[in-house]
Amino acid sequence: MTKNLEIDFVNLLENNQNILHKICRLYAEDLEAHKDLFQEMVIQLWHSYPKFKGESKFSTWAYRVALNTAISLYRTKKRRVATVELDQSLQNIHYEEYNEVQEEQLRFLYAAVRKLSDIEKALVYMYLEDKDYQEIAETLGISEVNARVKMNRIKTKLKTMLNQQGGI
């Protein structure tokens, strides 16, 4: 791969790494699993980057790859990710620690979201990221109408769960 491709990838990833951290927060239950999943997402993004054509925003593409990575890993109940040696250029990515100290309401919300199915988690995540239904539908490979219907059902489900927990 060319040096420019590596530099572009590293810059784009550094500017969008919070996407990965937020997905890790949804799917990983502890800091070690968070770091493992983050690393696996970076590897998958790097391997897929040459196929990225720029037809969508990098962030939309990264959501899709990262969510698919998390879903496929956690659907098979695989909690530990086998490590792979990173290319030298990827070792230069500045890793920002994700701040685990959040408000009480956020902890309640994440606890409730973790109880959702994999697709429901992905939908909630993208909704909370202020993605429009068209982008959510495109990323998840469902129709826009289906995304809206599912989100309304999920909102009802989360409200019930949060009311039972005494959160939010």
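Count residues from 1 along the sequence.
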Worksheet item: How would you list, by chain and number, every residue that makes a salt bridge (Lys or Arg N to Asp or Glu O under 4.0 Å) with Arg153, sequence neighbours excluded?
Response: none

Worksheet item: Which distance, rounded to the nearest 0.5 Å, do you find between the CD of Gln134 and the OG of Ser143?
Response: 12.0 Å

Worksheet item: Say you draw a straight line from CD1 of Ile43 to OG1 of Thr69; how long is it, rounded to the nearest 0.5 Å?
Response: 10.0 Å

Worksheet entry | Candidate pair Lys157 and Glu120, rule salt bridge (Lys or Arg N to Asp or Glu O under 4.0 Å), full reasoning | CA-CA 10 Å; Lys157 187 188 270 188; Glu120 290 172 332; 3.0 Å; yes

Worksheet entry | Inter-residue atom distance Cys24.SG - Met41.CE, 0.5 Å rounding | 4.0 Å

Discussion item. Ignoring hydrogens, what is the shortest heavy-atom contact between Leu116 and Met161? Give both atom names and the distance.
Written reply: CD2-SD, 4.5 Å

Worksheet, complete the sentence: Correct closest heavy-atom pair for Ala122 and Ile71 would be CB-CD1, 4.4 Å

Worksheet item: Can you find a heavy atom in the side chain of Lys155 that is under 4.5 Å from one in the side chain of Leu158?
Response: no

Worksheet item: Within a strict 4.5 Å, meaning less than it, do heavy atoms of the Tyr27 and Tyr125 side chains meet?
Response: no

Worksheet entry | Side chain proximity check, Ile154 to Val113, heavy atoms < 4.5 angstrom | no

Worksheet item: Which heavy-atom pair separates Leu45 from Ala62 by the least distance, and what is that distance?
Response: CD2-CA, 3.8 Å

Practice prompt. State, with a plain yes or no, whether a side-chain heavy atom of Glu29 is found less than 4.5 Å away from one of His34.
Written response: no

Item to complete: Just do the side-chain contact (heavy atoms from CB on, under 4.5 Å) check on Lys22 and Leu26 with the steps written out, would you?
Response: CA-CA 6 Å; Lys22 290 173 185 175; Leu26 286 174; over 6 Å; no

Worksheet item: Does a side-chain heavy-atom distance below 4.5 Å link Lys150 with Ile142?
Response: yes

Worksheet item: Going only through I, L, V, M, F, W and Y residues with side-chain contacts under 4.5 Å, is there a path from Val124 to Val149?
Response: no

Worksheet item: Does the separation of the ring centres of Phe52 and Phe9 fall below 6.0 angstrom?
Response: no

Discussion item. Return the CG to CZ distance between Leu31 and Arg25, rounded to the nearest 0.5 Å.
Written reply: 11.0 Å

Worksheet item: Does some side-chain heavy atom of Val145 sit less than 4.5 Å from a side-chain heavy atom of Tyr133?
Response: no

Fill in: For Glu135, all residues meeting side-chain contact (heavy atoms from CB on, under 4.5 Å), sequence neighbours excluded
Lys57, Thr60, Lys131, Asp132, Thr139

Discussion item. Go through it in stages, so that I can follow the logic: the residues are Lys121 and Ile23, the test is side-chain contact (heavy atoms from CB on, under 4.5 Å), and I'd like the CA-CA distance, side-chain angles, deciding distance and then a yes or no.
Written reply: CA-CA 9 Å; Lys121 285 179 195 176; Ile23 293 171; over 6 Å; no

Fill in: side-chain contact (heavy atoms from CB on, under 4.5 Å) between Glu40 and Asp36, intermediate numbers included
CA-CA 6 Å; Glu40 184 62 24; Asp36 287 346; over 6 Å; no

Practice prompt. Give, for atom CG of Asn68 and atom CG of Asp118, the distance between the pair rounded to the nearest 0.5 Å.
Written response: 10.5 Å

Fill in: Heavy-atom side-chain contact between Glu55 and Trp61 under 4.5 Å
no

Fill in: Residue pair Leu13, Leu20: steps toward the side-chain contact (heavy atoms from CB on, under 4.5 Å) verdict
CA-CA 9 Å; Leu13 184 61; Leu20 305 185; 3.7 Å; yes

Discussion item. When you compare the side chain of Leu67 with that of Met126, does any pair of heavy atoms fall below 4.5 Å?
Written reply: yes

Practice prompt. Mind checking the CZ-CG spacing from Phe58 to Asn15? Nearest 0.5 Å is all I need.
Written response: 9.0 Å

